[in-house]
Protein chains: 2
Amino acid sequence: MSVRISDSTVRRLSLYLRMLRGLRVRGVELVSSSELADRAGATSAQVRKDLSLFGSCGKRGRGYEVDALTGTIEEILGLSRVWRVALVGVGKIGTALLGYEDMLDRGFRVVAAFDIAPDKIGREIFGVTVSPLSEVESVVCEKGVEIAIIATPPATAPEVAVMLSEAGVGAILNFAPTRISEIDYVPVRTVDLVLELEGLSYLLTSRRRNGDD
Amino acid sequence: MSVRISDSTVRRLSLYLRMLRGLRVRGVELVSSSELADRAGATSAQVRKDLSLFGSCGKRGRGYEVDALTGTIEEILGLSRVWRVALVGVGKIGTALLGYEDMLDRGFRVVAAFDIAPDKIGREIFGVTVSPLSEVESVVCEKGVEIAIIATPPATAPEVAVMLSEAGVGAILNFAPTRISEIDYVPVRTVDLVLELEGLSYLLTSRRRNGDD
DNA sequence: CTTGGCTTGTGAATACTTTCACAAGCCAGA
DNA sequence: TCTGGCTTGTGAAAGTATTCACAAGCCAAG
Ligand SMILES: NC(=O)c1ccc[n+]([C@@H]2O[C@H](COP(=O)([O-])OP(=O)(O)OC[C@H]3O[C@@H](n4cnc5c(N)ncnc54)[C@H](O)[C@@H]3O)[C@@H](O)[C@H]2O)c1
Ligand SMILES: NC(=O)c1ccc[n+]([C@@H]2O[C@H](COP(=O)([O-])OP(=O)(O)OC[C@H]3O[C@@H](n4cnc5c(N)ncnc54)[C@H](O)[C@@H]3O)[C@@H](O)[C@H]2O)c1
């Protein structure tokens with residue numbers, strides 16, 4: 001019954017979903033593939049292909065029902081529920097993430113935080129109490145943590161990932177600029193800020209090289 | 001003379017470069033495509049294809065010269081220099097970014113910061129003085145800002161992007177979960193944390209649906 | 001100098017994604 | 001009920017990216 005949905009399609013589905021939720025709040029009932037496309041930066045054909053992957057619910061001549069489509073995409077992406085998230089490394093970026101309200105609005109609740117620095121442990125930050133990393137196993141189990149975010153220095157990230165996967169975390173989002181290979185079928189995604197800047201550096205440089213065209 | 005290098009290749013080049021710099025510090029002189037591949041999460045054939053895009057410098061039977069290859073990739077990506085970066089929106093994430101030393105180590109120096117909140121303006125944070133957004137044009141020009149990072153609330157991000165491109169910024173890295181379309185040939189990359197979490201949500205959900213295989 | 005082990009560089013093959021283009025279908029209005 | 005305008009769903013085509021597989025080349029050792 002399940003089709004494999006490619007990574008790039010999943011990303012676009014997320015974007016469509018964000019738009020659809022906005023439309024729903026505004027009371028819009030129908031939306032066409034080209035409207036969705038405009039705001040997600042895709043083409044209308046792309047949108048229709050994406051949506052047709054899971055026997056689709058559009059109405060020829062009219063468009064898609066906002067309500068139904070929102071539900072379907074939430075179902076596919078697993079977003080009709082709230083995920084329990086842990087944060088490891090309550091430093092500069094970790095603290096910012098703890099205060100990121102958007103996460104909860106979109107279905108990700110931070111229920112635990114870990115650090116190794118004695119001055120961080122025990123403190124309550126944005127409503128979450130920081131536990132010592134040594135207690136990761138018990139806390140993850142007790143609070144039912146499903147996804148972890150790593151925001152520790154790059155050198156420690158791989159070992160932290162191992163601890164997390166052994167503690168039973170199901171997926172990891174890594175902010176440290178270190179490659180972490182999939183451990184024991186726990187998927188890992190890395191967000192690397194500097195990598196993105198380097199991509200922009202390439203664009204600026206190659207453009208300059210080819211005479212600004 | 002210039003070949004178009006695809007986005008995914010550019011990303012991998014960044015990863016190779018990071019590894020190469022590490023090897024250089026450790027005094028390693030030669031590296032094979034399979035060693036590079038291991039740590040970048042690619043295959044050796046992929047590495048060789050990537051490197052052969054720009055008439056390559058490998059030695060059959062031995063591998064690639066770490067030093068020469070580092071230089072070549074830095075040249076291609078435009079990383080043999082320091083880029084001047086501005087940060088707009090000195091809130092939770094913006095402050096964390098100002099304190100992110102790794103950026104400078106990798107060739108991106110934050111030379112200006114902007115906000116609209118009166119209590120932020122004029123303060124010096126991690127060595128950078130916060131200017132009012134209204135002065136963006138003069139400050140960008142004066143300090144020679146080439147790349148800007150947007151860390152303002154999502155609703156204001158698009159208008160900030162317009163101001164930045166009009167002020168002469170060459171590229172934008174956007175942290176707000178809003179699509180910003182390319183304005184006037186200024187490339188924009190968006191880093192969307194929640195989108196990444198949603199991708200993980202999909203993986204966990206689809207796996208569960210298909211019986212953990 | 002020759003052999004053997006190893007690694008690059010690259011066409012060809014495969015796999016994956018996106019775009020095209022149009023029949024099929026829906027609805028509003030006459 | 002019929003017509004015309006509009007939008008979906010989808011094969012087929014085009015475009016990209018990755019993997020395969022092997023000749024070409026290098027070096028060290030004998
Ligand atoms: N600061 C940023 O804006 C930024 C942006 C993108 C990525 N990053 C990355 O995020 C990571 C953290 O950066 P930061 O600037 O917040 O650094 P930081 O030094 O402010 O914070 C690191 C925190 O991790 C804790 N820590 C260290 N080892 C640990 C371990 N083994 N287990 C648990 N906690 C541990 C430290 O006690 C500290 O609180 C780094 O990998 C950095 O490259 C930072
Ligand atoms: N907090 C996080 O960890 C986090 C993570 C990822 C993405 N983001 C995104 O980054 C953005 C900022 O988030 P935050 O948590 O730092 O919010 P914040 O409210 O702490 O900071 C926003 C800052 O932007 C300033 N600002 C508002 N409008 C502005 C304008 N037009 N020009 C310049 N400055 C302006 C505000 O004065 C404030 O200082 C949001 O779009 C958020 O979705 C935040």
Indicate, with a heavy-atom threshold strictly under 4.0 Å, whether [X] touches base, sugar-phosphate, or nothing.
X       : result
A:Ser33 : sugar-phosphate
A:Ser6  : sugar-phosphate
B:Arg4  : nothing

Whole Å only: how far is the [atom1] atom of [X] from the [atom2] atom of [N]?
X       : N      : atom1 : atom2 : result
A:Asp7  : C:dT17 : CG    : P     : 9 Å
A:Arg48 : C:dC22 : CZ    : P     : 14 Å
B:Leu51 : D:dT18 : CG    : P     : 14 Å
B:Leu36 : C:dG9  : CG    : C1'   : 15 Å
B:Leu30 : D:dA28 : CG    : C1'   : 14 Å
A:Phe54 : D:dT8  : CZ    : C1'   : 14 Å
B:Leu53 : C:dT8  : CG    : C1'   : 15 Å
A:Ile5  : C:dT17 : CD1   : P     : 12 Å

Within the 3.5 Å criterion, strictly below it, is a donor on A:Glu35 or A:Ser32 matched to an acceptor on the partner's side chain? yes

For nucleotides 23-26 of chain C, print each protein N/O atom paired with a nucleotide N/O atom at under 3.5 Å, atom names and distance only.
residue	atom	partner	partner atom	Å
C:dA24	N3	A:Arg60	NH1	2.9
C:dG25	N2	A:Gly61	N	3.2
C:dC26	O4'	A:Arg60	O	3.0

Minimal non-hydrogen separation, B:Ala148 against B:Val169, with atom names: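 Nearest pair, atom of B:Ala148 first, then B:Val169: N-CG1, 3.7 Å.
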
Between B:Lys49 and B:Ser34, who's closer to the 5' end of DNA chain C by nearest nucleotide? B:Ser34

Could you say whether A:Ala45 or B:Cys57 is positioned toward the 5' end of DNA chain C, judged by the nucleotide with the nearest heavy atom to each? B:Cys57

Please determine whether a side-chain nitrogen of the Lys or Arg among B:Arg106 and B:Glu101 lies less than 4.0 Å from a carboxylate oxygen of the Asp or Glu.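 Not counted as a salt bridge, because no side-chain N and carboxylate O are separated by less than 4.0 Å.
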
State plainly whether the residues B:Glu198 and A:Arg18 are in salt-bridge range, i.e. N to O under 4.0 Å.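 Result for this pair is no, no salt bridge flagged.
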
Given D:dT18, D:dT19, C:dT10, which nucleotide is nearest the side-chain atoms of B:Thr43?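 Closest nucleotide among those given: D:dT19.
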
Picking from D:dT18, D:dG9, C:dT7, the nucleotide nearest the side-chain atoms of B:Ser8 would be D:dT18

Flag side-chain contact, heavy atom, 4.5 Å: B:Leu77 against A:Thr205: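 B:Leu77 vs A:Thr205: side chains apart.
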
Can you see if the side chain of A:Tyr64 gets near the phosphate of D:dG9 - specifically, an N or O under 4.0 Å from OP1 or OP2?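 Affirmative; the distance criterion is met.
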
So, is B:Gln46 near the phosphate of D:dA17, with a side-chain N or O under 4.0 Å from OP1 or OP2? no

Rounded distance (nearest 0.5 Å) linking atom CG of A:Leu36 with atom CZ of A:Arg12: 12.5 Å

Under the 3.5 angstrom rule, does the side chain of A:Arg207 hit a backbone N or O of B:Tyr185 as a donor-acceptor pair?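 Here the side-chain-to-backbone pair exists.
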
